[in-house]
Amino acid sequence: MLPDPVKSKYQDLLAIEHQSVELFENRHQQQNIFKPEEVLYKTLGFSIARATSSLVSAGKGVFVTKGLVPKGAVVSMYPGTIYQKYEPIFFQSIGNPFIFRCLDGVLIDGNDKGISKVVYRSCSGRDRLGPLKMSDSTWLTSEIHNPLAVGQYVNNCSNDRAANVCYQELDVPAVFPVELKQYLPNITYSHDKQRLLTPMCRPCRT
């Protein structure tokens, strides 16, 4: 029912829209070609994953699933909410084996369940700057964007097995690019405390 000149312009618009949809779908597919663990392998030469530990009564552990890890490389990051020594963490700490105490007394709650999970999500949402995320919260889910954010599952050594990694604390500098903070799996409990301390695991032997 449309006049021919209008109909031709309408058909041209439909063709352009169809091309735009195809281009968006192709870009979306390209972005999903590689999983985070595959990107880790292509970038650092190894990939890691959580799995049932071979240590008795140790629960889950972290294993190298592909490649080789050179001595001194960062193999994982300890995620969680960062608490200063004077901040409340009593209820979060009840029955919680994932409280990491740093050398200066700062505590990191790496539990991905219960009230710890709720607190982390709340603080992460609080600090968001418009579309920019100030921390990575995907470590709380099964779809982890930062494959290194599994440090809370690294088990201690035993009498039978010596440690093959060691913890190293790292202060994230104030000049850290804001667009990359979405990959840091840590958030401060207090909004006025912007110091981010991320314990990392490094191999202490080959």
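Sequence positions, counted from 1, serve as the residue numbers for this chain.
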Exercise. Quick one: OG on Ser53 to CG on Asn155, what's the gap to the nearest 0.5 Å?
Worked result: 4.5 Å
Seminar exercise, completed: What one should report as the nearest heavy-atom pair of Ile187 and Met134 is CD1-O, 4.5 Å
Exercise. Checking Thr43 side chain against Val39 main chain: does a donor-acceptor pair fall under 3.5 Å?
Worked result: yes
Problem set entry | Over 12 non-hydrogen atoms of neighbours within 6.0 angstrom of CZ in Phe63 | yes
For this session: Using atom types as modelled and distance alone, determine if a side-chain donor or acceptor of Glu37 lies under 3.5 Å from a backbone N or O of Ala49.
Result: no
Problem set entry | Rounded distance (nearest 0.5 Å) linking atom CZ of Arg128 with atom OG of Ser124 | 8.0 Å
Problem set entry | Common cluster, Tyr41/Ile48, ILVMFWY with side-chain heavy-atom separation under 4.5 Å | no
Exercise. Run the side chain to side chain contact (heavy atoms under 4.5 Å, CB included) check on Asp127 and Ser135 step by step: do they pass?
Worked result: CA-CA 8 Å; Asp127 290 355; Ser135 63; over 6 Å; no
Exercise. If you round to the nearest 0.5 Å, how far is CD of Glu87 from CD1 of Ile82?
Worked result: 10.0 Å
Seminar exercise, completed: Looking only at heavy atoms, the pair that brings Ala149 and Pro79 closest together is O-CG, 3.8 Å
For this session: Walk me through it: do Val119 and Asp109 pass the test side chain to side chain contact (heavy atoms under 4.5 Å, CB included)?
Result: CA-CA 10 Å; Val119 169; Asp109 182 5; over 6 Å; no
For this session: Could you tell me which non-hydrogen atom of Leu148 sits nearest to which non-hydrogen atom of Val74, and how far apart they are?
Result: CD2-O, 4.3 Å
Exercise. After noting the C-alpha distance and the side-chain angles of Trp139 and Met77, does the key distance pass the side chain to side chain contact (heavy atoms under 4.5 Å, CB included) rule?
Worked result: CA-CA 11 Å; Trp139 65 275; Met77 305 170 69; over 6 Å; no
Exercise. If you group Ile, Leu, Val, Met, Phe, Trp and Tyr by side-chain heavy-atom gaps below 4.5 Å, do Ile144 and Leu44 land in one group?
Worked result: yes
Exercise. Mind checking whether Ile115 and Ile89 sit in one hydrophobic cluster, side chains of I, L, V, M, F, W, Y counted as touching below 4.5 Å?
Worked result: yes
Seminar exercise, completed: In this structure, OG of Ser116 is separated from CD1 of Ile99 (nearest 0.5 Å) by 6.0 Å
Exercise. Same hydrophobic cluster for Val69 and Tyr167, using side-chain heavy-atom links shorter than 4.5 Å among ILVMFWY?
Worked result: yes
Problem set entry | Shortest non-hydrogen contact from Tyr78 toward Gln152 | CE1-CA, 3.3 Å
For this session: Determine whether Asp136 and Gln182 make a side-chain contact, defined as any pair of heavy atoms from C-beta on separated by less than 4.5 Å.
Result: no
Exercise. Where is the tightest heavy-atom contact between Thr138 and His145, given as atom of each residue plus distance?
Worked result: OG1-N, 2.9 Å
Problem set entry | From CG (Asp104) to CD (Glu169), nearest 0.5 Å | 6.5 Å
Problem set entry | Criterion ring pair (Phe, Tyr, Trp, His ring centres under 6.0 Å) against Tyr83, the qualifying member of Tyr189, Phe100, Phe90 | Tyr189
Exercise. If Ile, Leu, Val, Met, Phe, Trp and Tyr residues are connected whenever their side-chain heavy atoms lie under 4.5 Å apart, and connections chain through other members, are Leu103 and Tyr86 in the same group?
Worked result: no
Exercise. Do Leu184 and Phe176 pass the side chain to side chain contact (heavy atoms under 4.5 Å, CB included) test, and can you show the C-alpha distance, the side-chain angles, and the key distance before you say yes or no?
Worked result: CA-CA 11 Å; Leu184 294 178; Phe176 191 83; 3.8 Å; yes
For this session: Taking Thr65 for its side chain and Ser47 for its backbone only, find out whether a donor-acceptor pair lies under 3.5 Å.
Result: yes
For this session: Give a yes or no answer on whether the side chain of Tyr153 reaches the backbone of Ala51 with a donor-acceptor pair at less than 3.5 Å.
Result: no
Exercise. Does Glu143 CD have over 12 foreign heavy atoms under 6.0 Å away?
Worked result: no
Problem set entry | Neighbour count >12 (heavy atoms, 6.0 Å) for atom CG, Leu68 | no
Exercise. Does Phe98 offer a backbone N or O that forms a donor-acceptor pair with the side chain of Asn111 under 3.5 Å?
Worked result: no
Exercise. Which heavy atom in Phe46 sits nearest to a heavy atom in Val64, and how many Å separate them?
Worked result: CB-CG1, 4.5 Å
Problem set entry | Interatomic distance, Leu107 atom CG to Gln84 atom CD [nearest 0.5 angstrom] | 9.0 Å
Problem set entry | Lys/Arg N to Asp/Glu carboxylate O, Asp112 vs Lys60, below 4.0 Å | no
